[in-house]
Amino acid sequence: MRNISKIIDGKRVIIKKPELLAPAGNLEKLKVAIRYGADAVFVGGKEFSLRSGASNFTLEDIKEAVDFAKQYNATIHVTCNIILHQDNLHGIEEYLKALDRAGVKAIIVADPYIMKIAKDLDLNLEVHVSTQLSTLNTKAIKFYQDLGMDRVVLGREVCYDDLKIILDKTDIDIEYFIHGAMCIHYSGRCMLSNYFSHRDANRGGCSQSCRWYYDIFDSNQKLNEGKIPFSMSSKDMSLINHLPELIELGVDSFKIEGRMKSLHYIATVVSTYRKLIDDYCSDPDNFVFSEKYYLELLKAANRALCTGFYDNQADNSKQLFNQRDEHPTQEFCARVISYDKINKLAIIEQRNYFRVGDKIEFFSPQHENIIIPVTKIINEENEEVAVANHPMEILKIPVDIELEEDDMGRKVI
Ligand code: SF4
């Protein structure tokens, strides 16, 4: 039984706050994830990591990430979770030693050989069992614990009832997915991409073949004639409505998926979960769940959301059969560089088209969301312009309320 709370001066307080673990595909996203409240960030190195297209980190980047994280008492986890083929064996020992020297807290691994040498080398690195291994029960967890592993990242297929049993009957760190994309197969047990595009999903190359459009045939008869093509795309998962009960269960780490996701997505999702965790833990017995957390997440969602396998078997309602339902978030339009207090101007980096007359909602780890009308746009030549249509252009707009570096603006539509 995990000890979650205790009574202090007649009031129950949470003494075991879960870690909020965020993804980052590059240093810019990593710094935003930490500024927006992540306790830890997982990144992929150039070698031995899945998501090879996710702008993976060099060793220099990883050192910079560790140094930046330290300023915020945050930590860095590095994925080394490919399934090794013979030609992947070379260089792994040197790589793990380099990660250790860089001050990385943990590596996330799927291949038993990496588990073994990470422990044999007697490094400071924690070794976390990747979700790629689909660990779903207490016996499998005990197996990894006996091997000396420090944490198990559960498969996304663990439902609430099984999670409760796992947390009751084990005493190793447990990491649980609370938000992100789902595979239509067991994560890490899918070969669709290998067959269709010769890209190995277990070595970082998944081409998301499950989300492609397909015609369906029974012998020569086309079953979807005249209908829209078929796809197997799952809705994304969000457990925002269940976070209080997950905190009470004593989950050690809440994982957000999405190393390929945008800066705006990372900032929105991390800050929403951060605020909810902090709000709940500050006064759990008087906490009232507000719809505002869910509505905030929707501003960054690019697929419909569901609870995945949380209630047990995921059914049709958790899928996007016959549709892809992808509508990339268009409204992220500005990132704050600094604020000119004397002239009450926000200096911003343009991220998407907006114009005078639009409204922008600024959000931040420091303050509540604020909506301002765009009354003026000033370019780098100090000229007034009607539209902001040059990506990354530095602009000034009047804002009465003081904004902070890295606050984000999204167009209100
Ligand atoms: S093809 Fe789809 S189900 Fe298979 S690994 Fe890729 S995302 Fe997952």
Side-chain angles (χ1 to χ4, degrees), residues 22 24-38 41 55 57-58 60-61 64-65 67-69 71-72 260-272 274-275 292 295-302 327-413:
N26 59 35
L27 273 170
E28 184 189 34
K29 292 177 191 173
L30 178 136
K31 290 175 183 177
V32 162
I34 290 174
R35 285 200 181 112
Y36 274 74
V41 178
S55 330
F57 286 59
T58 63
E60 282 307 306
D61 293 336
E64 186 176 336
D67 291 342
F68 182 83
Q71 298 168 37
Y72 293 81
M260 311 280 276
K261 300 287 191 185
S262 69
L263 199 65
H264 172 247
Y265 179 94
I266 304 269
T268 303
V269 174
V270 171
S271 67
T272 305
R274 174 78 280 151
K275 285 170 186 164
K292 71 178 182 185
L295 295 176
E296 187 69 9
L297 279 184
L298 286 185
K299 294 172 185 169
N302 63 354
H327 32 83
T329 310
Q330 296 293 336
E331 72 263 47
F332 173 38
C333 62
R335 174 181 175 177
V336 175
I337 306 292
S338 58
Y339 183 78
D340 173 352
K341 282 188 203 169
I342 295 166
N343 298 303
K344 296 197 166 184
L345 290 171
I347 294 92
I348 58 156
E349 192 177 72
Q350 194 267 21
R351 289 303 182 111
N352 262 306
Y353 176 93
F354 66 92
R355 59 177 304 127
V356 171
D358 285 341
K359 286 184 178 160
I360 296 181
E361 178 182 53
F362 283 99
F363 68 101
S364 164
Q366 321 294 345
H367 57 74
E368 292 295 314
N369 295 6
I370 54 165
I371 295 178
I372 61 111
V374 180
T375 54
K376 197 190 278 186
I377 304 172
I378 303 164
N379 70 14
E380 283 179 287
E381 278 75 49
N382 259 340
E383 299 160 339
E384 277 194 35
V385 290
V387 295
N389 55 359
H390 300 298
M392 308 302 280
E393 188 179 12
I394 304 301
L395 300 165
K396 295 176 200 158
I397 56 173
V399 180
D400 280 346
I401 295 153
E402 186 174 342
L403 298 179
E404 309 265 345
E405 180 188 356
D406 273 337
D407 285 3
M408 307 274 172
R410 45 168 98 96
K411 203 159 63 171
V412 178
I413 344 180

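Residues Ile360 and Cys333 share a closest heavy-atom pair of CD1-SG, 3.8 Å. Nearest heavy atom pair, residue Asp358 against residue Lys411, reads OD2-CD, 3.4 Å. In plain terms, the two heavy atoms of Ser364 and Asp407 that are nearest each other are OG-OD1, 2.9 Å. Nearest heavy-atom pair, Ala33 versus Val41, reported as atom, atom and distance to 0.1 Å: CB-CG2, 4.2 Å. Between Thr375 and Pro398 the shortest heavy-atom distance is OG1-CG, 3.7 Å. Looking at every heavy atom in both residues, Ala388 comes nearest to Ile377 through N-CD1, 4.0 Å.
Judged purely by atom type and a 3.5 angstrom limit, Gln350 uses its side chain to pair as donor or acceptor with the backbone of Asn352. Asp67 places no side-chain N or O within 3.5 Å of a backbone atom of Glu64 that could act as its donor or acceptor partner. No donor-acceptor pair closer than 3.5 Å links the side chain of Arg410 to the backbone N or O of Phe332. Under the 3.5 Å distance criterion, the side-chain polar atoms of Lys29 are matched with a main-chain donor or acceptor of Lys261. Tyr36 contributes no side-chain N or O that, together with a main-chain N or O of Val269, makes up a donor-acceptor pair within less than 3.5 Å. When atom types are taken as modelled, the side chain of Tyr339 and the backbone of Val399 share a donor-acceptor pair closer than 3.5 angstrom. Side-chain N or O atoms of Lys376 include none that pairs as donor or acceptor with a backbone N or O of Val385 at under 3.5 Å.
For Glu296 and Asn369, the side-chain atoms include at least one donor-acceptor pair closer than 3.5 Å. Using modelled atom types and a 3.5 Å distance limit, the side chains of His390 and Asn379 yield no donor-acceptor pair.
No side-chain heavy atom of Arg355 sits less than 4.5 Å from a side-chain heavy atom of Asn389. Counting heavy atoms from C-beta outward, Lys396 and Glu380 have side chains that stay 4.5 Å or more apart.
The structure places CG of Leu403 at 8.0 Å from CD1 of Ile397, a figure rounded to the nearest 0.5 Å. Taken from CG in Leu30 to CG in Asp61, the straight-line distance is 9.5 Å, to the nearest 0.5 Å. Atom CG of Leu395 and atom CD1 of Ile337 lie 10.0 Å apart (nearest 0.5 Å). Expressed to the nearest 0.5 Å, how far CD1 of Ile347 lies from CD1 of Ile394 amounts to 9.5 Å. For the atom pair NE2 (His264) and CD1 (Ile266), the distance works out to 11.5 Å, reported to the nearest 0.5 Å. For the atom pair Ile348 CD1 and Met408 CE, the distance stands at 12.0 Å (nearest 0.5 Å).
A salt bridge does not link Glu402 with Lys344: every distance from a Lys NZ or Arg NE/NH1/NH2 to an Asp or Glu carboxylate oxygen is 4.0 Å or more. Ion pairing of Glu28 with Arg335 is present here, as a side-chain N (NZ or NE/NH1/NH2) and a carboxylate O approach within less than 4.0 Å. Here Arg351 does not pair with Glu393 in a salt bridge; the nearest charged N to carboxylate O distance is not below 4.0 Å.
A cation-pi arrangement is present between Lys31 and Phe68, with the terminal nitrogen or guanidinium carbon under 6.0 Å from the aromatic centre and inside a 45° cone about the axis.
Few gaps surround CD on Gln71; more than 12 heavy atoms of other groups in view lie less than 6.0 Å from it.
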